Amino acid sequence: MGIMEYYTPTHVYFGKGAENKAGEVLKGLGVKKVLLHFGTGSVKKSGLLDRVEKDLDANGIGYTELGGVVPNPRISLARKGIELVKSEGIDFILAVGGGSVLDSAKCIGYGAYAGGDVWDYYCGKRKVEGTVPVGTILTLSATGSEMSDSSVMTNDETDPVYKRGVNTDFGRVKFALLNPELTYTVSKYQTASGSTDIMMHTLERFFHSGGGLDMTDRLAFALLKEVMDATPKALSNPEDYDARANLMWAGSISHNGLMAVGNDSRGDWSCHQIEHELSAEYDVAHGAGLAAIWGSWARYVLDTNRDRFVKLGEGVFGESDPVKTIEKFEAFFKSIDMPVDIAGLGLSFDEAACRRAALGVTFQDARTIGDFKVLNTEDIFNIYMMASGLK
Ligand code: NZQ
Ligand code: ZN
């Protein structure tokens, strides 16, 4: 078995009122001026932003606002943030919002630290050299960006637009203030989409090519079961604290590396690559895009290692038939109103669209993806065709 790294330096404060620690924690870090980064309205509507600003005032910390982050966050807004950080002597970036806000904050941090074109990091031309420190008050349980090493950005300055991620330990944020109550106002669709993303971060790691630890597999089963239990509760009662709390913590540990400890690789990640092409081109919600793809991916790769699917099914559903296991996951997605095919995303894909998307994933046939099963352009095309009901 190879050597696997597990590094989670983020200081987590979890529970009711966690967001009220912002001023105190920032002061403890010696921060003078913060870039307050947020989305398109929810944190103003909920009054959270106001409360954070009062807290910063009370602690003598200055701030500049930069709102407007949209889902599938755009590089153009991050560039504005980079300029603000440099011109206003900002020494900390506080992301108040969901994964998109946090990823944009990370991007600003990398760009402001080193100069040059920040997109270089996302297209692999340069390695991230450092960051202006970032922290978060999270308002949506989904991406795990609050403990992950990733930032995923959309380049809206090119045609076609590109969505690319960069993984670096500089992306592990200083602190995450996690109050599940802040997620009470998340819509049903975003709640379900977030839960799907949480499940997928564990499933992507479960499907790897080599050896692994039983301990890690069993953690994965527990996490998947918990998310499938808590999500319908949060949907039917958005203010169910326990359900929201379980989802929030599941989101963090699903993507902080814990679910890959002992694996011979970081996992498969094909569904993420295949999905990112959809959210880049068609701006769909990331989790919904994953739900639309997963079943087709699973059927396509099943024979690579059926035993792995058997183990998953037995661990999660007490089900030893792998085909039924795939159907059970799809039934769960349907039960929370997630799509299980591309049509369910409101898109109609023909063969040409499948081909174009497949070539997008492999950067015009320049790379393969996956680890459980390595996929080339043709394989990805077949998966898009299956997900479009054309195969
Ligand atoms: O803009 P506002 O008004 O805040 O509205 C947001 C947004 O419209 C809303 N929202 C957030 N918190 C809310 C709320 N509405 C009401 N009440 C609240 N408390 O929800 C909408 C979606 O927000 P977004 O941040 O886009 O969602 P999510 O957290 O799912 O982030 C998705 C992005 O993260 C990337 C995805 O690709 C996508 O771009 N990912 C990042 C990862 C990482 N950095 O580790 C890993 C993931 O695999 C993923 O790729
Ligand atoms: Zn994801």
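Whatever order the structure lists them in is the order used to number ligands and atoms, beginning at 1. For clarity, every value in this text was computed on a predicted model and none was experimentally measured.
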Residue portion contacting ligand 1 (non-hydrogen atoms closer than 4.0 Å) for [X]:
X      : result
Ser148 : side chain
Lys163 : side chain
His255 : side chain
Leu182 : backbone
Ala142 : side chain

Inset, instruction - If you link ILVMFWY side chains whenever their heavy atoms are less than 4.5 Å apart, which other residues fall into the same cluster as Leu29? By chain and number, please. - result: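 For the cluster that includes Leu29, the remaining residues are Tyr13, Val25, Leu26, Val31, Val34, Leu36, Phe38, Val43, Leu48, Leu49, Val52, Leu56, Ile61, Tyr63, Phe92, Leu94, Val96, Ile137, Phe175, Leu177, Leu182.
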Inset, instruction - Enumerate the protein N/O/S atoms at a distance below 2.8 Å from the Zn ion (ligand 2), ignoring waters. - result: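 Listed by chain and number, the atoms are Asp197 OD1, His201 NE2, His272 NE2, His286 NE2.
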Legend entry - Ser254 side, atom OG; Ile198 side, atom CD1 - distance, nearest 0.5 Å: 7.0 Å
Inset, instruction - Just need the protein heavy atom nearest to atom 12 (N) of ligand 1, so name the residue and atom and give the distance. - result: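 Going atom by atom, the protein heavy atom closest to atom 12 (N) of ligand 1 ends up being Thr139 OG1, 2.8 Å.
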Legend entry - Nearest neighbour in protein (non-hydrogen) for atom 20 (O) of ligand 1: Leu140 CD1, 3.4 Å
Inset, instruction - Looking only at distances, please establish whether an N/O atom of ligand 1 is found under 3.5 Å from an N/O atom of Val101. - result: no
Legend entry - Heavy atoms from other residues, nucleotides or ligands near NZ of Lys80 exceed 12 (cutoff 6.0 Å):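 Open: at most 12 neighbouring heavy atoms sit under 6.0 Å from NZ of Lys80.
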